[in-house]
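Worksheet: one structure, shown below.
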Number of protein chains: 2
Amino acid sequence: MARRRLAVTIKHVAADAGVSLQTVSRVINNEPNVRPEMRERVQASIDRLGYVPSIAAQRMSGSKSYLILALNDRERTIADWRARQGTDWVDQMLLGGMLECAEHGYRLIFELVDTHEDHLERELGAALAALQPDGAILTPPHSDNQEILRILTRHHVPYARIGALGDEDGGSPAGVRVSMDDEGGARLATRHLIDLGHRRIGFISGPAEYRLAGWRVDGWRAEMAAAGLDGHAWLEAGDFSYASGARAARALLARAAPPSAIIASNDQMALATIEAARAAGLDIPRDLSVVSFDNTPLVRFTTPPLTAVDQPIAETTATAVRLLIEAQREGATPPPAALLPMTLVTRSSTAPPPAA
Amino acid sequence: MARRRLAVTIKHVAADAGVSLQTVSRVINNEPNVRPEMRERVQASIDRLGYVPSIAAQRMSGSKSYLILALNDRERTIADWRARQGTDWVDQMLLGGMLECAEHGYRLIFELVDTHEDHLERELGAALAALQPDGAILTPPHSDNQEILRILTRHHVPYARIGALGDEDGGSPAGVRVSMDDEGGARLATRHLIDLGHRRIGFISGPAEYRLAGWRVDGWRAEMAAAGLDGHAWLEAGDFSYASGARAARALLARAAPPSAIIASNDQMALATIEAARAAGLDIPRDLSVVSFDNTPLVRFTTPPLTAVDQPIAETTATAVRLLIEAQREGATPPPAALLPMTLVTRSSTAPPPAA
DNA sequence: ATCAAATAGGTGAACGTTCACAACAAACGC
DNA sequence: GCGTTTGTTGTGAACGTTCACCTATTTGAT
């Protein structure tokens, strides 16, 4: 692995602008006593060269680190988090990744990046130059952002892409992919219902622009087909919102041959479904079984608590961290992709169908 | 503000062990070609002096940074977070602090610390030495951990304590305190119910070992007293768990003179309360009004959605960050403490009492 | 015994930035 | 005009660590 010596330093800027290092430093730190024209000239060089001061070096010579630590009780935070058992993106991602990092002596830094226009290049570049991380983890929708991938590559930062689409990059060695098995999760839910005896299983899909929404439909359809059931009739489109879920559920229940079970592509739509069922005078799970996707804390406190497909979000970042760290070891060649299985959490919203 | 030159460096270790810098470096990095006895001697010095390598310096000379960046779509994360509008500790704290940091060119690092025994001194010390942050934010239960405060002080890291108990430290200049007005929140909820015409307002408290549980009771009691109502009769003790909430709610409803409204000290107990009321054949809000505390996402999707007191958790870290940064500015003397008001989010679980 | 290799340790430079101080010019008071 | 301040720029050292290279010692094969 070649040493990276590409960073543009204060020295380059000084040479470019024809001034001393100190003058550049003064401009950077907005110190007084620099002639405006000089300041302008230096700033121009900085902008043109895309120079960003290195936090490490700044820290070395006694300046600020521009870092603030948020200290949290490890045990308690973990306990809380486990207790919740649910799927809150930020929480789960952050903590899953952090714990894995801690085990290897690494540290995870959560960074919000703004993809707006020119911001991206500057901000992300600044973050990379300042922190000089050993790796980066991309979450949707960044995972497929070519611009970001380009910048990371240019800075020689290896990355892991979570929930990335596919192999468009013909096996670029820098990138690892980690995904959750949405299709498998949907199959799990469907099979559970089939095993209970259901034949007419409805599905409320997510918005088409989310790939995972499609995969979930695919899983349901595949499992229905495998059981010789109709994987087309009881499909209604939603968009992950409560309102769309309510609409879809009402439409399904109003059918001439209504489903005896409904799988909703996310929790909010599942909540809407049980509410719609209740409004229609149906008892859950006696008259209608409902399975949810995501397993956020929400669905544990509904009446009845929902059977749900759980996403391994925490494992997602944990795996990404592990793969990144392994890849650092000379000679090691970790797998270029990992697919994490989903699990089904059975609660009381599913039962055998009325007729059975 | 005096320059800090207290850190123990590789040089001190080398002198102490009577070897060269390079040998110490070799030991640190577990490189081969060091005699076991030598390695042991150096390690002893390292341990005794409490030496921790500086990430900044390591990074300078081309080694790893041991940092991994988790990149997240800023806009989307913020949108998600706002949409949720709820109170998930980690999420809210992290994002509130991060956005404030970003505005000032700072960066927030979330760090789990293990308070177990000797770990604390070493781990926290390592984190501080490695990252050399400009400030630290403590959350409960760390906010009152004297050991942690001592270590921070020794490393000259100014800190902000969130939800800290009190002024035991006779105005130590290093510390800022940020708290949420639990009592005020409880008053808000109580006043809301009084304004609706309720006279018998029940209160389900949290566990005594949490100070905030006491403050919430105080607020209810104070407001009841101010309205000439009985602030003792309708109190039942809970412990923040669903089960304890159910028990307390049943007890309140079984009274000879049951309350027409109940305030639960947290969301889970509020959920238990509406479930208990429903089991008792009561309609909410027609027969019983319920107000919840915390306002987690849970209470927006119950039937009916709950009126709740919202905790300004995000503002808590944001304020801490702001105060820490302000304090850095030479000559500035920010207030030593901030008390953030809670707000009442009115939904459909509260209405005038039946008789009124 | 002799020479090559391996092992154990040390030395000086480098990393990118800021600090303390020196140097010089311009502006000012008298 | 002269000394003094004020504003502007440059110079060398320092921060804490690792890297490349060098020197001594030990080991092993011939």
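In what follows, chains carry the letters A, B, and so on, assigned in the order in which the sequence lines appear, proteins first and then strands, with residues in each chain numbered from 1. Treat the numbers as computed from the prediction; the structure is a model and nothing was measured.
Rounded to an integer number of Å, the gap from A:M60 CE to C:dA14 P is 16 Å. Atom CD of A:E31 and atom C1' of D:dG7 are 14 Å apart (whole Å). For the pair B:N29 CG and D:dG16 P, the interatomic distance rounds to 17 Å; values are reported in whole Å. When rounded to the nearest whole Å, the span between CD of A:Q58 and P of D:dG16 equals 16 Å. Atom CD1 of B:I10 is separated from atom C1' of D:dT18 by 8 Å (rounded to the nearest Å). The distance from atom CD of B:E37 to atom P of C:dT7 is 17 Å, rounded to the nearest whole Å. Taking atom CZ of B:R41 as the reference point, atom P of C:dA8 lies 15 Å away to the nearest angstrom.
Using a 4.0 Å cut-off between charged side-chain N and carboxylate O, B:R322 and B:E103 make no salt bridge.
Looking only at distances, no side-chain donor or acceptor of B:H142 sits under 3.5 Å from a matching main-chain atom of B:T139. Between the side chain of A:S143 and the backbone N or O of A:I162 there is at least one donor-acceptor pair closer than 3.5 Å. Side-chain atoms of B:H12 come within 3.5 Å of backbone N or O of B:T9 as a donor-acceptor pair. Checked by atom type and distance alone, the side chain of B:N145 pairs as donor or acceptor with a backbone atom of B:E147 at under 3.5 Å.
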Please produce a list of atom pairs where a protein N or O lies less than 3.5 Å from an N or O of nucleotides 10-13 of chain C.
| from | atom 1 | to | atom 2 | distance (Å) |
| --- | --- | --- | --- | --- |
| C:dG10 | OP1 | B:S20 | N | 3.4 |
| C:dG10 | OP2 | B:S20 | N | 3.1 |
| C:dG10 | OP2 | B:S20 | OG | 2.7 |
| C:dG10 | OP2 | B:T23 | OG1 | 2.3 |
| C:dG10 | O6 | B:R26 | NH2 | 2.8 |

Can you give me every donor-acceptor pair (side chain of residues 15-26 of chain A, partner residue at least two apart or in another chain, under 3.5 Å) with its distance?
| from | atom 1 | to | atom 2 | distance (Å) |
| --- | --- | --- | --- | --- |
| A:D16 | OD2 | A:S45 | OG | 2.6 |
| A:D16 | OD2 | A:R48 | NH2 | 2.9 |
| A:S20 | OG | A:Q22 | N | 3.4 |
| A:S20 | OG | A:T23 | N | 3.4 |
| A:S20 | OG | A:T23 | OG1 | 3.2 |

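Heavy atoms of B:P32 sit nowhere under 4.0 angstrom from any nucleic acid atom.
For the pair B:V8 and B:L49, the tightest heavy-atom approach, listed with the atom from each and the gap, is CG1-O, 3.6 Å.
Close to C:dT18, at under 4.0 Å from its OP1 or OP2, lies a side-chain N or O of A:S25. Residue A:N33 places no side-chain N or O under 4.0 Å from the OP1 or OP2 atom of D:dG7. Checking the phosphate oxygens (OP1, OP2) of C:dT7, no side-chain nitrogen or oxygen of B:R35 falls inside 4.0 Å.
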